[in-house]
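What follows is a set of notes on a single structure, which appears directly below.
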Amino acid sequence: MVDIGKNILTLRKKNKVTQEELAQVLNVSPQAVSKWENDISQPDIIMLPLIAEYFKVSVDWLFHGENMVYEDIYIKNLQKVWNHGQLEGFEEV
């Protein structure tokens, strides 16, 4: 599961940044930041590198709450697809 909002909230609190401060840096409203953190909406894809840079993490960290290498992400996503029965005829990971 992608927890971008939860991960932004974690980073914001860890760095003692208010929603207002983050909103000002990103040129969005504090309400937008609140909606991200409460999983009502997601930040625009163009915002992700800006948020990652502001908090000195990777975009992967925003998605997964940790830095991951491509192979780990691929395997994790493949397992999700496998668990939903969409890989008939393929060998399980």
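All heavy atoms count here, side chains included; hydrogens, waters and symmetry mates do not. Predicted model only: the values in this text are computed from it and were never measured.
- In this structure, K35 has no salt bridge (charged side-chain N to carboxylate O under 4.0 Å, His left out) partners at least two apart in sequence or on a different chain.
- A 4.5 Å side-chain heavy-atom check between V28 and W36 finds at least one atom pair inside the cut-off.
- Listed here is the closest heavy atom pair of S34 and Q19: CA-NE2, 3.5 Å.
- Expressed to the nearest 0.5 Å, how far CG of L62 lies from CE of M47 amounts to 12.5 Å.
- The side-chain heavy atoms of I51 and V59, taken from C-beta on, include no pair separated by under 4.5 Å.
- Taking each heavy atom of A23 and P30 in turn, the nearest pair found is CB-N, 3.5 Å.
- When the side chains of ILVMFWY residues are joined at heavy-atom separations under 4.5 Å, either directly or via intervening members, F63 and L9 end up in two distinct hydrophobic clusters.
- Within the model, atoms CD1 of I46 and CG of L26 stand 13.0 Å from one another, a figure rounded to the nearest 0.5 Å.
- Taking the side chain to side chain donor-acceptor pair (under 3.5 Å) definition, one finds that S41 meets it with nothing, sequence neighbours left out.
- Residue pairs meeting the side chain to side chain donor-acceptor pair (under 3.5 Å) criterion with at least one member in residues 6-17, sequence neighbours excluded, are R12-E37.
- Two residues are said to be in side-chain contact when any heavy atoms from C-beta on lie closer than 4.5 Å; P43 and I8 meet this criterion.
- For the side chain to side chain contact (heavy atoms under 4.5 Å, CB included) test, residues two or more places apart in sequence or in another chain that qualify with Q31 are S29.
- Residue Q24 places its CD atom among 12 or fewer non-hydrogen atoms of other residues, nucleotides or ligands, all under 6.0 Å distant.
- Criterion: ILVMFWY side-chain heavy atoms under 4.5 Å apart, direct or through other members. Under it, I40 and I4 are not part of a common hydrophobic cluster.
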**OP:** Show the numbers, then the answer: is there a side chain to side chain contact (heavy atoms under 4.5 Å, CB included) between Y54 and V17?
**Re:** CA-CA 11 Å; Y54 179 77; V17 174; 3.7 Å; yes

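- Contacts classified as salt bridge (charged side-chain N to carboxylate O under 4.0 Å, His left out) and involving residues 45-58 (residues at least two apart or in different chains) are not found.
- Not counting sequence neighbours, D39 has no partner by the side chain to side chain donor-acceptor pair (under 3.5 Å) test.
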